[in-house]
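We count ligands from 1, going down the list as the structure has it; atoms in each ligand are counted the same way.
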Amino acid sequence: MKEKFYITTPIYYPSNKMTLGNAYTTIVCDALARFNKKLGKDVFYLTGTDEHGQKITQSALKVGKSEKEYLDEIVADTKDLWKLLDIEYDKFIRTTDDYHEKTAQKIFTELYNRGYIYKGSYKGWYCTPCESFWTESQLVDGKCPDCGREVKFQEEEAYFFKLSEFGDKLIELYKNNPNFLQPSSRVNEMVNNFIKPGLNDLCVSRTSVKWGVPVEFDKEHTIYVWIDALSNYISALGFLGEDDSLYKKYWPADVHVIGKEIVRFHSIIWPAILMALDITLPKRIFAHGWILFGGDKLSKSKEAGAKECVDPRVLVPLYGADAIRYMLYREIPFGSDGNYTTEAFLTRINADLSNNYGNLVSRTFSMVKKYFSSIIPNEDKVSNDDSDFKNNVLNEVEAVKKYMNDLDLTKAVTSVFNIFTYANTYIQKVQPWVVAKEEGGEARLKTIMKYLLEAIRIGSELLYSFMPEASTKVLNAFGLDARAEFSNLDNFNGLEVSSILGELGILFPRLDVNAEIEKLQSFVK
Ligand code: MSP
């Protein structure tokens with residue numbers, strides 16, 4: 001049986017249209033899902049939307065729509081956007097889906113029956129946009145510590161989850177499973193900032209929020225956002241539903257990928273809920289950093305600091321999904337914050353995609369056409385330069401596999417591009433056009449062409465997870481199926497000798513950076 005791989009994104013708030021920031025997580029999960037599929041695993045990739053809470057009601061009201069009407073439009077736009085960005089998820093969950101609401105209710109009732117939920121009253125500082133209650137000491141200058149906006153004092157009857165009982169168990173969990181929460185710096189943050197000072201019980205119901213899942217046994221209350229939201233990861237698989245075969249097959253998650261601002265919810269509250277329910281914990285939670293725009297986090301309710309348009313709905317038709325995907329893995333070190341600038345984006349397209357990859361492919365294909373009528377030659381006479389080149393390429397393959405296993409996407413994609421850099425350097429060094437003119441040079445020329453084509457094949461196989469569009473074109477020109485599992489990654493025997501190379505157009509046209517910057521500025525109101 002195939003090994004399974006279950007990966008999730010956070011479910012995003014559809015309080016407004018998705019941004020490049022939300023796209024970031026969805027894109028990195030797509031790369032991980034594709035890569036694991038190519039490794040031969042049975043992959044399940046879940047994403048979706050977190051549709052309850054006051055903020056949704058407020059956003060809908062603002063434009064004179066019902067919540068459902070409003071949400072349906074945003075969800076349709078979100079699905080279109082994911083398609084535009086070549087995201088291939090297996091399931092899109094909406095927390096307003098009937099099966100999810102039922103499971104969330106059952107989970108709440110079960111926690112109550114097990115004595116982990118009790119009724120009390122809540123007093124605290126509430127941030128409406130973040131839907132978070134804060135204690136006095138958590139406030140920063142009297143404002144919400146997450147978003148910096150105004151908070152108001154509120155008191156109401158509410159149900160509480162006994163989070164305070166889980167401090168020691170969580171510390172033990174982190175100790176026994178060093179990979180549970182990554183990057184590891186997040187563990188210290190959780191322990192020092194939240195667990196050591198003592199965990200408070202968690203307010204898990206509201207009477208003032210009407211747009212939510214009613215508590216089964218007390219309909220005045222709706223389930224307060226995090227139990228509802230977090231349980232999506234199991235409700236999507238049919239947990240406590242009519243058919244739980246997916247749950248049996250895919251749970252526990254191999255990785256929940258999230259942004260760093262929701263680490264507390266995923267590494268403290270979620271495992272505590274699962275422990276209370278006696279459910280296996282996810283294997284790994286990976287918190288990536290933020291894409292910063294002009295030093296600011298782009299959020300749905302804040303204006304971006306960037307002067308140029310950063311809306312993927314505009315960028316994809318202009319530059320392609322591959323370019324945006326690549327830019328995000330490459331420029332934002334996975335796990336840390338990174339700046340997005342239009343200039344860096346356009347420069348990457350020119351330097352890495354157009355020059356390094358695109359140009360390599362097109363000049364190699366032209367040479368094979370010129371010297372061998374586009375027929376893939378077999379290797380013949382091999383020199384030291386040729387075998388050094390081959391070894392360098394194969395070493396990078398191992399590096400990519402290792403980095404992907406460590407979820408270091410930035411290093412992985414950089415290693416893929418190292419293959420293309422090696423190939424370009426190799427061309428400069430061995431000068432095939434000189435070899436072609438040498439007497440008896442043909443035997444060596446065959447090797448050079450074969451090695452270049454094999455390096456491009458291997459690089460494109462690896463690139464497929466990151467940039468599916470261009471790599472598929474290249475692999476198809478070799479007569480290969482881009483979706484097939486990896487094969488011949490550790491050797492230069494993956495191409496069918498004597499078969500004919502397909503035709504390829506220009507993969508990434510070179511851009512005039514200044515002209516494109518101006519164009520993108522004109523899209524900003
Ligand atoms: N609904 C909650 C998550 C519940 S999960 C059970 C939520 N939604 S959100 O719409 O605010 O999305 C937050 C997520 O979007 C982040 O965790 C991150 O994955 C992604 N990002 C949004 N803006 C981002 C950046 N500027 N940079 C990187 N990721 C960002 O929180």
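Within the structure, the closest approach of F265 to ligand 1 does not fall below 4.0 Å when heavy atoms are considered. Residue contact check for ligand 1: W270 places no non-hydrogen atom closer than 4.0 Å to it. Residue contacts with ligand 1 include G289, since one of its heavy atoms falls under 4.0 Å from the ligand.
Atoms of ligand 1 lying under 4.0 Å from any heavy atom of Y24, numbered from 1 in the order shown and given with element: 28 (C). Counting atoms of ligand 1 from 1 in the listed order, those under 4.0 Å from a heavy atom of T25 are 18 (C), 19 (O), 20 (C). Those atoms of ligand 1 with a heavy atom of A229 less than 4.0 angstrom away are 6 (C). Close approach of ligand 1 to W226 (heavy-atom distance below 4.0 Å) involves ligand atoms 4 (C).
D141 and K143 are not joined by a salt bridge, as no carboxylate oxygen comes within less than 4.0 angstrom of a charged side-chain nitrogen.
A cation-pi arrangement is present between K79 and F92 under the rule of less than 6.0 angstrom and at most 45 degrees off the ring axis.
Nearest residue to atom 16 (C) of ligand 1 from E51, H288, M18, E261 is E261 (criterion: closest heavy atom). Of the listed options P14, G53, G21, G21 places a heavy atom closest to atom 23 (N) of ligand 1.
Proximity of Y13 to ligand 1, defined as any heavy-atom pair under 4.0 Å, is shared by backbone and side chain alike. At a heavy-atom distance under 4.0 Å, only side-chain atoms of D50, from C-beta outward, approach ligand 1. Contacts with ligand 1 closer than 4.0 Å are made by heavy atoms of both the backbone and the side chain of N22.
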*Check the pair H256 / F286 against ring pair (Phe, Tyr, Trp, His ring centres under 6.0 Å), numbers first and verdict last.*
CA-CA 6 Å; H256 292 311; F286 190 95; over 10 Å; no
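No side-chain heavy atom of Y319 sits less than 4.5 Å from a side-chain heavy atom of I324. I117 is listed as a side-chain neighbour of F108, based on a closest heavy-atom distance under 4.5 Å.
The number of heavy atoms from other shown groups lying within 6.0 Å of CG (N176) is above 12. Counting non-hydrogen atoms of other residues, nucleotides and ligands closer than 6.0 Å to CD of E242 gives a total of 12 or fewer.
Where the criterion is an N or O separation shorter than 3.5 Å, residue side chain and backbone included, I11 meets it with respect to ligand 1. Taking only nitrogen or oxygen atoms, main chain and side chain alike, I258 does not reach within less than 3.5 Å of ligand 1. No N or O atom of F293 sits closer than 3.5 Å to an N or O atom of ligand 1.
Remark: of the listed residues Y112, W226, F166, F166 is the sole one forming a ring-ring contact (aromatic ring centres under 6.0 Å, His included) with F161. A side chain to side chain contact (heavy atoms under 4.5 Å, CB included) with E101 holds for exactly one of H52, R94, K106; it is H52.
Pairs of residues two or more places apart, or lying in two chains, that qualify as salt bridge (charged side-chain N to carboxylate O under 4.0 Å, His left out) and include a residue from residues 26-38 are D30-R34, D30-R325, R34-E88, K38-E461.
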